[in-house]
Number of protein chains: 4
Amino acid sequence: MTIRQKLYNIIFEAETPTGKIFDLSLLLIILSSIILVMLESVPEIKLKYGDTLHILEWIITIFFSIEYILRIWVVHKPWSYISSFYGIIDLLSVIPTYLSLIVVGSHSLMVIRAIRLLRIFRILKLNRFTQAGQNLGKALWASREKISVFLFFVVNVVIIVGTLMYLIEGPTNGFKSIPASIYWAIVTMTTVGYGDISPQTPSGQFMASLVMIVGYSVIAVPTGIVTSEIIKGSRSTNTQTCSNCLYDRHDDDAKFCKKCGTQLNE
Amino acid sequence: MTIRQKLYNIIFEAETPTGKIFDLSLLLIILSSIILVMLESVPEIKLKYGDTLHILEWIITIFFSIEYILRIWVVHKPWSYISSFYGIIDLLSVIPTYLSLIVVGSHSLMVIRAIRLLRIFRILKLNRFTQAGQNLGKALWASREKISVFLFFVVNVVIIVGTLMYLIEGPTNGFKSIPASIYWAIVTMTTVGYGDISPQTPSGQFMASLVMIVGYSVIAVPTGIVTSEIIKGSRSTNTQTCSNCLYDRHDDDAKFCKKCGTQLNE
Amino acid sequence: MTIRQKLYNIIFEAETPTGKIFDLSLLLIILSSIILVMLESVPEIKLKYGDTLHILEWIITIFFSIEYILRIWVVHKPWSYISSFYGIIDLLSVIPTYLSLIVVGSHSLMVIRAIRLLRIFRILKLNRFTQAGQNLGKALWASREKISVFLFFVVNVVIIVGTLMYLIEGPTNGFKSIPASIYWAIVTMTTVGYGDISPQTPSGQFMASLVMIVGYSVIAVPTGIVTSEIIKGSRSTNTQTCSNCLYDRHDDDAKFCKKCGTQLNE
Amino acid sequence: MTIRQKLYNIIFEAETPTGKIFDLSLLLIILSSIILVMLESVPEIKLKYGDTLHILEWIITIFFSIEYILRIWVVHKPWSYISSFYGIIDLLSVIPTYLSLIVVGSHSLMVIRAIRLLRIFRILKLNRFTQAGQNLGKALWASREKISVFLFFVVNVVIIVGTLMYLIEGPTNGFKSIPASIYWAIVTMTTVGYGDISPQTPSGQFMASLVMIVGYSVIAVPTGIVTSEIIKGSRSTNTQTCSNCLYDRHDDDAKFCKKCGTQLNE
């Protein structure tokens, strides 16, 4: 096995011990790099530990760069990796740091490094969690149409409510424009309720009360949809029939018929 | 086929290619016209692009007017269209713009154009979404009594809580009147929580804590109702209607109508 | 039938046409009297229409007084009515108005009249709604233990979280005392979020974030409990067996066997 | 039976009448001591009733100390009690009061006494409530993987959303740093919505609207997960354990173990 093949197994496979160690180290470095980006954005910390953060940032960037080059080298079809979703993310994880050398004042570019977060998803292949995640994903995917209809309905309601509130309260009470009123309607319907905009007139408060009570009942709809799908998904898909008593509603994990004790076929 | 018939097919039917293109264009124009109404309400945008918006508004109004006249012309019973729900909406979509020529300062009338939003519902006849929408609608309709009872209960609770808080906190702490206190109770029970009115005295805060915890548990009720109905509704996919009694909610494994015993067709 | 018996039927029974009219009128008068109490609490309205409200108040009070006396007269056991829940409410509905004649400045007593709201529950005997209400009540009652455990858990969590936040944030950041911090914890856990108290220090905000995410997941628990009970309650209780094919899982509203079309016994 | 044995039965067992009285008294004293800690933290109350609270505190502390010593004396393995979870809590419940004699200004230590709250859990062995609590616990435990996946997803979303909002709104609009923006994202996603930080720019408000609507739909997921498990858990009331393989989640109609085919006892 050539070095290239060995490296391929370490970087792209997670079965071997070295591969597992590599994945775990990478996970830790990615998490560190994200915390680094966060800390850099805090003015007090940047002022105090700016130099340390800068050095750490370069260490991580160089590590990620070497990893990126190695990935291109060991992979069979380099171009398909480079142009893949994760390939682009890997590149975007290091470019902003190099750009900061060339372009002056590319502060906002530095935040793009937060995209490193998405790298986590590649490493996380923990079997049981992925299984649970897939089940949830399936349930959400199965309810996509109903949820779309629901969201379409919500969008229509907030536009209508927003326009009405703009008429009722008007710019003098903080409802500056229809888009601002729609923003208020969303803040209210979803029960977030910042309070940066709130109705001042009695009729506006009455209207708002109606919206809140409707929103309170309406939240039941997505919950009902998703719950229904999760329950459906967790039902048995076992189609075996007991050869002895012909019972055919066995659980997925049943090995023997619960009615007569006969062993079931695999 | 006369022009009138052809136009009827284009405007009122969505099966033909031309009909589909017409529907899609109309959808885009309606969406544009709504965005237009929104943008006009933003003072900065109105100041800057007022003239452009004005011209666009007239283009859309004239398009809608022609469409309205054509609809009256091609339809078999013009009067029943004019007096129908969508007929009135179609008219209200254009009238405010014309009125703005005659009546000076009819600003608030302009917002009525937002009613154009409702026109979207006519166009949206996408089959799968409508099916999902109908299922949701059925589930909500089937739970209408329980939800009414629940809302009646909530209304009673907020009136009682509002009155109590008016007594406990009083006008000096922002609870200016019983209606204002009821408004606060709704804001709190529905977990919106603007914070424009909030209890100041320890006893008021204790009362509010109780209300919040109750509200937190009570939100489970509509969710439970709707979820139960959605689960029920998602069980059967049998769309047969009994030829004798017209009952149409048969189970998947039904071979005879459970209401009248008539055999169902496969 | 004596007048007393006739009056008894009108006042206490809802089956006869006159009884229905009486109930409906009473419902309207009660609603009016509640709106009256609310309006009186609004300073602007009291200033302007104080006299009108005063007169209306006396009309309603006299009507309620006559009704109260009639109820005592026509009922078989007057004392058991007077000392009953509704008897006390009926009395409390009129007393404050009379007291305002004798005691000067009994403003807060006037609000007690809001207790009239509870009178509504007696009149509302609409069958279908009561049925739905009872089903909901049953579901809630069946889940009382689980909800108690849940509330006990929530109370413990908010006490612990409140104490911790008092230590972390302290009086200078608005967390004035442990009870005030517990109040904040309830406002946050229930996702109400007034914003009158909010964490200022990074560690306080981190702690608050944890509380919110936990609260967000925890709201699933009462919903799950109630939904489970409602689903259970809405399951079929029909225990009939088809005399022809022995199928025994009929819906509650089934009159014929859905498998073979045989009529079921009542 | 020696005094030591008798005391053991009273303190550690709840079956005997004296044991029940002891448990109830202890519960009341613990509750009083917690209320005491709370009241002490309120400046007004401390100023007024400081001395009374001080005396009560010492009475409770001495009672708890005696109880602690007795527990060590009567228990068979004193060290395993001292080093147990409840043993440490019992010690931490009294230490701060004694420390306040030696160390001056150990105010923050006094709050540690709130840990006494955890003592309640030992006493509460009410059977029915424990049963309900265990069922809830099982349902939550069975959904731990799905909820972990969900929380992992939520954490990722709030980090991404927080970073984006930091870029869009920036420090001038209250989004001071990425951690602060993530805090805002959590406050918004969980629909708490304090309003201490809220988007000011139109694009920020648009972004926030998306986050709210997503958060509104996403809350359906934990609810669906937990509801599904609770429904599953409430289906079977069969408490038998297979004598062969010890499996204990049999269906109500199971006659044989579905895991190993062993016949179950009635």
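Computed from heavy atoms alone, side chains included, the values below leave out hydrogens, waters and symmetry copies.
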Checklist line | chain B contact via C:Ile182 - side chain, backbone, both or neither, heavy atoms under 4.5 Å | finding: neither
Next item on the list: Pick one of side chain, backbone, both or neither for C:Val37, based on which atoms fall under 4.5 Å of a heavy atom in chain B.
Entry: both
Note to self: Please classify the contact of B:Pro202 with chain C as side chain, backbone, both or neither, using a heavy-atom distance under 4.5 Å.
What the structure shows: neither
Item checked: Side-chain heavy-atom pair B:Ile159, C:Met38 within 4.5 angstrom cut-off -> yes
Check: Would you say the side chain of B:Pro199 lies within less than 4.5 Å of the side chain of C:Tyr183, judging by non-hydrogen atoms?
Finding: yes
Note to self: How long is the straight-line distance from OH of C:Tyr194 back to CD of B:Gln205, given to the nearest 0.5 Å?
What the structure shows: 9.5 Å
Notebook entry, point to check: Given that the side chain runs from C-beta out, which part of C:Ile45 has a heavy atom under 4.5 Å from chain B: side chain, backbone, both or neither?
Noted result: neither
Checklist line | From C:Asp196 atom CG to B:Asp196 atom CG, the distance as rounded to the nearest 0.5 Å | finding: 11.0 Å
Check: Which bit of C:Val221 is near chain B, if near means a heavy-atom gap under 4.5 Å: side chain, backbone, both or neither?
Finding: neither
Checklist line | Inter-residue atom distance C:Glu40.CD - B:Ile178.CD1, 0.5 Å rounding | finding: 9.0 Å
Item checked: CZ-SG distance between C:Phe256 and B:Cys257, expressed to the nearest 0.5 angstrom -> 8.5 Å
Note to self: Tell me whether C:Ser41 contacts the main-chain N or O of B:Ser177 through its side chain, where contact means a donor paired with an acceptor under 3.5 Å.
What the structure shows: no
Item checked: Heavy-atom closest contact (C:Thr190 atom, B:Thr191 atom, distance) -> O-CG2, 3.4 Å
Checklist line | CD1-CG distance between B:Ile213 and C:Leu151, expressed to the nearest 0.5 angstrom | finding: 6.5 Å
Checklist line | Where B:Gly224 and C:Ile230 come nearest, the two heavy atoms and their spacing | finding: C-CD1, 3.8 Å
Next item on the list: Let me know if B:Ile197 has heavy atoms under 4.5 Å from chain C in its side chain, its backbone, both or neither.
Entry: backbone
Checklist line | Pairs of heavy atoms under 4.5 Å with chain C: top-ranked of B:Pro222, B:Gly195, B:Ala208, B:Gly170 | finding: B:Gly195
Next item on the list: Name the member of C:Val42, C:Leu117, C:Val226 that forms the most heavy-atom pairs with chain B at distances under 4.5 Å.
Entry: C:Leu117
Check: Is the OH atom of C:Tyr86 crowded by more than 12 outside heavy atoms at less than 6.0 Å?
Finding: yes
Note to self: For C:Thr227, give me all partners under side chain to side chain donor-acceptor pair (under 3.5 Å), at least two apart in sequence or on another chain.
What the structure shows: none
Next item on the list: Measure the spacing between CD1 of C:Ile186 and OG of B:Ser209 and express it to the nearest 0.5 Å.
Entry: 3.5 Å
